[in-house]
> 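One structure is given below, represented as structure tokens, and several questions about it will come after.
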Amino acid sequence: MFHRINRKETEVTVAVIGGGVVGMSTAWSLRRRGEDVTVIERGSIGRSASGVNAGWITPSLSTPLASPGVVGLGLKHAFDPNGALSIRPRLDTDWIRWLWKFARASRPSAYESGVRALLQLNTHTLDLFDEMRDDGVDFEMHSAGLLALAQSADGLEWFTQLFDHLLPMGFPGSVEYLSGDEARRRDTAVGPGVQVAAHTSIDRHVNPESLLQGLHKRISAMGVTVLQDTAVQAVTPIGARWSIRMPDHSLDVDAVVVTLGAATNSLLTPLGFRLPIIGAKGYSIDIRGAGSSPRHALYLMEPKLGLSPYHDAVRVAGAFELPARDERVPERRIRLLLNQVHPYLAGWSPDADVDIRSGRAGLRPATPDSLPFIGPAPGHRGLYIAAGHGMLGVTLAPATAEGIAEMVTTRHIPESMLPFQFAGRI
């Protein structure tokens with residue numbers, strides 16, 4: 001496990017640019033080590049893509065999207081406006097280069113290396129979430145596991161193959177396969193259309209807004225300065241330090257951690273380099289309903305949708321549209337999410353008067369090999385990047401934060417962070 005490091009006599013001043021789940025977790029990890037930290041967020045804490053997702057903590061599903069066969073599947077549905085995964089053709093040099101790298105990363109050997117890297121990164125994920133809670137971070141978390149539901153045996157095939165691959169690698173969790181009737185006894189919200197299911201033992205889910213607000217409150221109490229609604233206009237090296245220019249003032253710091261997700265390159269390009277990170281749009285909507293709310297996070301296999309039951313609502317989330325540049329929300333997309341839910345549920349049903357306009361979208365930061373960049377920026381002493389987590393932002397945030405904090409405070413790259421460095425990936 002990671003251990004708390006005592007405050008040093010000379011504090012290092014660190015700016016974390018980006019107040020999503022990775023940025024806020026990084027601020028917590030750095031402050032626990034005694035660092036003087038300022039978080040700069042262009043909007044409000046909890047309103048970014050980090051607050052739109054399903055909030056899943058899923059070591060069981062921490063595998064690269066870049067996998068054998070995924071390119072063909074994505075292109076097959078490229079022109080389907082309702083596809084769960086859409087890889088859309090576009091004559092753009094950066095996009096073509098990204099897609100070519102994505103295809104190379106989908107080879108079996110590269111995929112297996114990615115699985116092993118994520119498996120190692122997740123070694124302490126659940127312990128770190130427990131540490132957050134024990135340290136006073138107040139957030140909503142559920143530990144009943146994940147229930148994957150399919151309308152046929154074929155629908156569960158991908159899930160079965162995933163665990164056949166993970167378990168020989170030393171994955172600590174387990175999976176229990178269930179008939180439809182067994183799934184309905186396990187969770188009364190499951191409907192009669194479900195024929196087979198799988199229950200994972202270690203997965204959890206959180207309300208991501210509550211996690212971000214809990215981190216905000218806790219790190220503020222720890223002495224971290226959080227600047228909201230503050231855009232960073234430029235990050236400039238000045239000798240051995242960095243100057244961060246904002247609309248009303250500048251801040252000089254010893255180290256900068258950029259956690260801007262899909263917008264990361266907006267700060268890196270003026271420094272002379274870009275990362276292969278593009279936006280992938282996902283959608284969600286919070287709904288209320290009648291009956292017994294699901295006990296588990298539900299993964300609807302055929303439409304690739306996630307349902308997260310919270311104290312006051314159920315969140316439906318899904319879709320992965322590549323590439324995407326805006327967060328516009330077509331009402332047809334949200335309506336489709338709701339329509340696809342009904343065949344899987346019976347003991348609970350969404351209210352008939354759900355406001356489609358309350359649906360939201362966020363841009364997930366996607367890399368060609370589906371692995372995040374976590375480490376020092378090449379050629380820029382004191383500049384660190386933690387971005388490109390795709391659909392695994394919540395799951396990987398605490399481990400990413402601990403890795404970055406270790407690098408900032410010791411200038412040493414932990415072994416678990418080596419696969420996420422920049423060499424050979426830019």
Side-chain angles (χ1 to χ4, degrees), residues 20-21 43-44 46-58 61 65 70 73-74 76-88 90 146 148-149 205-212 261-263 277-289 294 297-310 312-345 348-366 370 388-395:
V21 66
S44 301
R47 300 300 299 173
S48 64
S50 291
V52 176
N53 61 62
W56 285 4
I57 306 169
T58 49
L61 299 182
L65 175 66
V70 71
L73 175 65
K76 178 181 178 181
H77 297 289
F79 297 102
D80 180 1
N82 301 324
L85 169 64
S86 297
I87 300 177
R88 305 196 183 283
R90 195 172 74 190
L146 176 73
L149 308 178
H205 70 279
V206 300
N207 182 313
E209 289 99 330
S210 77
L211 175 61
L212 287 163
I277 295 176
I278 63 171
K281 190 186 292 189
Y283 303 92
S284 72
I285 184 170
D286 291 352
I287 55 178
R288 291 169 176 78
L298 302 180
Y299 188 16
L300 313 187
M301 294 299 300
E302 283 85 1
K304 300 293 188 293
L305 294 184
L307 271 66
S308 298
Y310 302 140
D312 59 350
V314 172
R315 177 165 298 175
V316 184
F320 200 79
E321 297 178 356
L322 288 165
R325 292 177 174 172
D326 62 67
E327 297 180 357
R328 289 181 295 177
V329 186
E331 288 188 9
R332 61 165 180 78
R333 258 300 193 181
I334 303 301
R335 190 172 289 107
L336 178 66
L337 293 186
L338 297 179
N339 290 339
Q340 290 176 323
V341 163
H342 290 289
Y344 294 84
L345 300 177
W348 180 88
S349 59
D351 290 341
D353 60 349
V354 174
D355 184 2
I356 300 296
R357 294 170 297 178
S358 65
R360 297 180 293 172
L363 297 183
R364 303 176 177 116
S370 304
H389 293 74
M391 294 183 287
L392 299 174
V394 172
T395 298

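Worth knowing before you read on, the calculation uses all heavy atoms, side chains too, and leaves out hydrogens, waters and symmetry mates. Remember, it's a predicted structure, so these values are computed and weren't measured experimentally.
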> Run the side chain to side chain contact (heavy atoms under 4.5 Å, CB included) check on N339 and R335 step by step: do they pass?
CA-CA 6 Å; N339 290 339; R335 190 172 289 107; 3.9 Å; yes
> Considering all heavy atoms of both residues, which atom of P309 and which atom of V314 are nearest to each other, and what is their separation?
CA-CG2, 4.1 Å
> Are L298 and L146 close enough that some pair of their side-chain heavy atoms sits under 4.5 Å apart?
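Not touching, per the 4.5 Å side-chain cut-off.
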> Measure from the side-chain N and O atoms of S370 to the backbone N and O of L65, and report whether any donor-acceptor pair falls under 3.5 Å.
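Judged by distance alone, yes, a pair lies under 3.5 Å.
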> To the nearest 0.5 angstrom, please state how far the CG atom of L392 sits from the CG atom of N53.
10.5 Å
> To the nearest 0.5 angstrom, please state how far the CZ atom of R325 sits from the CD1 atom of I278.
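So the gap between those two atoms works out to 9.5 Å.
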> Look only at the side chain of N207 and the backbone of S210, and say whether a donor-acceptor pair between them is shorter than 3.5 Å.
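Checked: pair present.
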> So F320 and K304, side chain to side chain contact (heavy atoms under 4.5 Å, CB included) or not? Walk me through it.
CA-CA 10 Å; F320 200 79; K304 300 293 188 293; over 6 Å; no
> To check you understand the geometry: which heavy-atom pair defines the closest contact between V21 and G393, and what is its length?
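Minimum heavy-atom separation between V21 and G393: CG1-O, 3.8 Å.
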> Do side-chain atoms of S284 reach the backbone of V52 as a donor and acceptor pair under 3.5 angstrom?
yes
> List the atom of W348, the atom of R288, and the distance in Å for their closest heavy-atom pair.
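Where W348 meets R288 most closely, the heavy atoms are CZ2-C, 3.8 Å.
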> Using the side chain to side chain donor-acceptor pair (under 3.5 Å) criterion, which residues pair with D326? Sequence neighbours excluded.
K281, R328
> What residues, two or more places apart in sequence or in another chain, satisfy side-chain contact (heavy atoms from CB on, under 4.5 Å) together with A262?
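Result, side-chain contact (heavy atoms from CB on, under 4.5 Å) vs A262: L363, P365.
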> Show the nearest heavy-atom pair for residues G279 and L322, with the distance to one decimal.
O-CD2, 4.2 Å
> Using the side chain to side chain donor-acceptor pair (under 3.5 Å) criterion, which residues pair with R360? Sequence neighbours excluded.
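With sequence neighbours excluded, R360 shows a side chain to side chain donor-acceptor pair (under 3.5 Å) to E209, given in chain and number order.
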> Looking at OG1 of T58 and CE of M391, how far apart are the two atoms once the value is rounded to the nearest 0.5 Å?
9.5 Å
> Mind checking what makes side-chain contact (heavy atoms from CB on, under 4.5 Å) contact with V316, not counting sequence neighbours?
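In terms of side-chain contact (heavy atoms from CB on, under 4.5 Å), with neighbours along the sequence ignored, V316 is linked to I285, I287, L305, L307, L337, V341.
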> Using side chain to side chain donor-acceptor pair (under 3.5 Å) as the criterion, list what pairs up with Y283, not counting sequence neighbours.
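For Y283, the residues satisfying side chain to side chain donor-acceptor pair (under 3.5 Å) (neighbours in sequence not counted) are E321.
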> For A297 versus H205, what's the shortest heavy-atom pair and its separation?
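In this case the closest contact between A297 and H205 is CB-ND1, 3.7 Å.
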> Please report the shortest heavy-atom distance between A54 and Y310, naming the atom on each side.
O-OH, 2.9 Å
> List in chain and number order the residues that pass side chain to side chain donor-acceptor pair (under 3.5 Å) with H389, two or more places apart in sequence or in another chain; answer none if no residue qualifies.
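H389 satisfies side chain to side chain donor-acceptor pair (under 3.5 Å) with T400 once adjacent residues are dropped.
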> Under a 3.5 Å threshold, yes or no: a donor from one side chain and an acceptor from the other, between W56 and T395?
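Absent: no donor and acceptor within the cut-off.
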